Asker: 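Got a structure for you, written out below as structure tokens; questions coming shortly.
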Protein chains: 2
Amino acid sequence: MPHSKVCVSDNLSHYMPLTADDHRLLEELEQNPRTATKDEVLWQSDDVPATLYTLRSGWAYSLHSAGSGNEQILDVFLPGDLLGIRELTFPAYATSLVMLTDGVVCPFPAERLLNIFESSPTLTLAIHASAARQQAIITERLVNILRHDARSRIAHFMLELYYRLKRIDATFTHDFTLPLSQRDMSRLLGMTTVHISRTLTELEREGLLRKTRRNVQILDLDGLARVVSFDPFKITDKLNPLFKGGASGSWTQRNPVSSARPSR
Amino acid sequence: MPHSKVCVSDNLSHYMPLTADDHRLLEELEQNPRTATKDEVLWQSDDVPATLYTLRSGWAYSLHSAGSGNEQILDVFLPGDLLGIRELTFPAYATSLVMLTDGVVCPFPAERLLNIFESSPTLTLAIHASAARQQAIITERLVNILRHDARSRIAHFMLELYYRLKRIDATFTHDFTLPLSQRDMSRLLGMTTVHISRTLTELEREGLLRKTRRNVQILDLDGLARVVSFDPFKITDKLNPLFKGGASGSWTQRNPVSSARPSR
DNA sequence: CGTACCTTTGACGGCTGTCAAAGGAAGTGG
DNA sequence: CCACTTCCTTTGACAGCCGTCAAAGGTACG
């Protein structure tokens, strides 16, 4: 297993302190863990969203298919992520969800999430903060893709993963498992596998990054950051100070704005 | 004024029936309308999100800036849209919001939205459905950009606008005002203005589309749809049948799943 | 040990960016 | 109403990044 187990509580408590009740509500979501095998499809395009998942261990991705051979990976999900919120309100999924490695997922009915919305404003806010970060990751990646060349695209994605993994894994180093093939990366970054290969070779020749079949070594973090400015603040755990201390009750009495974004 | 006034009630009631109380809550958001002039900046990157807006009339866009001359337009907002939800939970905006035309906006404090979340589950759901569609528009556009050439990018964007405008404007025809310059389109679609110009000329020569300085004529809707398959269902007003009839109360008793997505 | 998939490398072509220049449209001030 | 400025649009020449096609070697798995 590439990474240890992370539960949704661990993830959401990054955003704000959760009460014992909140933790209990989240544990209820994870009462039915089951193993999932690499390449297993948790849902497909056109399915009606009814079951959500938490990802306890392993990696997964969402795949947007349009015509034959025209596939785009949208999300890469890591342990602790909540799967399916983005498309919950639609009458049909626009993407499929596929396991990238073996792992453990916890399916739960969508209604349970709605019960949380009714019973805990704090958890509701934390879940929406989490969903907003998932969207921000996509947005940052795709903005970068639109405006930079192959070298920058790959550097940006590696920095994204670096910061996301460091957040969930205390034992994390600059040498980590990456269960994505070059074909996966091509479908994520909008390039051909041929060009992915060429560019990885170039990055290694420059001493920035070394990718083997299932590992990545970040050789020069600052060098990568010079290639492309990835701003980890864009997917920060920090909340809008309006919401400091959680949501319930005191929404109308505004908290003092203790710290705006530190100027860079 | 390019388009008539549309209020948030009109927008959100597309998703589900709203009660009189819901309409009243939404009207409270729009108690302070004010005019906004073209190029006016409603917020900037790094501001702390505290005030949200509804867009009553006129167009606006959100702009992601990274370094000098490196700007990307993320959203194009039309009358009736709610501005700022996407970044509400972040400690700082990642984008600026700029008026594309003169218009009328209604600022309201973020706390008011949170009060809605507490008092109306139905409205909460409608607002999140709306936010999810805003995200889906970005996702569809950027997936298309990654996988298609300039002709398809422009065709896709025009079809997106066509369906979005038809939704809010009953008097809408195939000949409509488009307050976007070619420079704006270049920042939206990730191309240079030079290539936008070339490609528009090509599309007109093919009899698909004619763009003048501030108008667009869709000459051949089916022809455009053959260039790139834009699927209006991906940004549909239809809700997940789980939520039919609104949110309150009956969440735990699942409604019968009346109709899955019609097969195409 | 054989098969399927992944990765690497080379040659070639095309789409799109860059650079440059000129014409047109809109707004401003006299 | 007319100069003047500024921004937008168009067109051409050229270069470069990246896709396509092809083939070969490597790795994992049964």
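Proteins get letters first, then strands, A, B, ... in listed order; numbering begins at 1 in each. This one's a predicted model, so the numbers in the text were calculated from it and none came from an experiment.
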Asker: May I ask you to decide whether A:Arg147 forms a salt bridge with B:Glu71, counting only side-chain N to carboxylate O separations under 4.0 Å?
Answerer: no
Asker: Looking at B:Arg86 and B:Asp75, is any side-chain nitrogen of the basic one under 4.0 Å from a carboxylate oxygen of the acidic one?
Answerer: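 B:Arg86 and B:Asp75: salt-bridged.
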Asker: Round to the nearest Å and state the distance from B:His148 atom NE2 to C:dC15 atom P.
Answerer: 15 Å
Asker: In whole Å, I'd like the distance from the CZ atom of A:Arg153 to the P atom of D:dC17.
Answerer: 13 Å
Asker: Once you round it to whole Å, what is the distance between P of C:dG14 and NE2 of A:His195?
Answerer: 18 Å
Asker: Once you round it to whole Å, what is the distance between P of D:dA28 and NZ of A:Lys38?
Answerer: 13 Å
Asker: Within 45° of the axis and under 6.0 Å from the centre of the six-membered ring of A:Phe172, does NZ or CZ of A:Arg167 qualify?
Answerer: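 So A:Arg167 doesn't make the cation-pi contact.
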Asker: For DNA chain D, determine which residues of residues 180-193 of chain A have any heavy atom closer than 4.0 angstrom to one of its atoms, and list them numerically.
Answerer: A:Gly190, A:Met191, A:Thr192
Asker: Using a 3.5 Å distance criterion without hydrogens, assess whether the side chain of A:Asn11 forms a donor-acceptor pair with backbone atoms of A:Val8.
Answerer: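 Here the side-chain-to-backbone pair does not exist.
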Asker: How many Å lie between CD1 on A:Ile196 and C1' on D:dC18, as a whole number?
Answerer: 11 Å
Asker: For the helix from C:dC1-D:dG30 to C:dG30-D:dC1, measure the angle between the helix axis at one end and the axis at the other, each built from five pairs, rounding to 10°.
Answerer: 50°
Asker: I want to verify a distance call: between C:dT18, C:dC15, C:dT9, whose nearest atom is closest to the B:Val194 side chain?
Answerer: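 Of C:dT18, C:dC15, C:dT9, C:dT18 is nearest to the side chain of B:Val194.
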Asker: Say whether, by atom type as modelled, one donor and one acceptor occur between the side chain of B:Thr54 and the main chain of B:Arg56 under 3.5 angstrom.
Answerer: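 Side chain of B:Thr54 to backbone of B:Arg56: no pair is present.
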Asker: Under a 4.0 Å N-O cut-off, is there an ion pair linking A:Glu40 with A:Arg34?
Answerer: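 A salt bridge is present here (some side-chain N lies under 4.0 Å from a carboxylate O).
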Asker: Which is more 5' along DNA chain D, the nucleotide nearest A:Arg214 or the one nearest A:Ala150? Just name the residue.
Answerer: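 So the residue in question is A:Ala150.
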Asker: Starting at CG of B:Asn215 and ending at C1' of D:dT9, how long is that distance when rounded to a whole Å?
Answerer: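 Spelled out: CG on B:Asn215 to C1' on D:dT9 is 16 Å.
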Asker: Quick check: on DNA chain D, is the nucleotide nearest A:Arg213 upstream (toward 5') of the one nearest B:Leu200, or the reverse? Name the residue that is more 5'.
Answerer: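 With B:Leu200 and A:Arg213 compared, the 5'-side residue is B:Leu200.
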Asker: Using a distance-only criterion (donor-acceptor N/O pair, under 3.5 Å, no hydrogens), is the base of C:dT18 paired with the side chain of B:Arg198?
Answerer: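 Checked by distance alone, the answer is yes.
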Asker: Could you check whether the rings of A:Tyr93 and A:Trp43 sit parallel, tilted or perpendicular, using 30° and 60° as the cut-offs?
Answerer: parallel
Asker: Figure out the CD/P separation between B:Glu202 and C:dG14, and round it to whole Å.
Answerer: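 Interatomic distance, CD of B:Glu202 to P of C:dG14: 15 Å.
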Asker: Charged N to carboxylate O below 4.0 Å: is that the case for B:Arg164 and B:Glu160?
Answerer: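 Yes, B:Arg164 and B:Glu160 are salt-bridged.
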Asker: Can you check the A:Asp39 CG to C:dC5 P distance for me, whole Å?
Answerer: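 From A:Asp39 CG to C:dC5 P: 11 Å.
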Asker: Which word best sums up how the rings of B:Tyr163 and B:Phe230 line up, parallel for under 30°, tilted for 30 to 60°, or perpendicular for over 60°?
Answerer: parallel
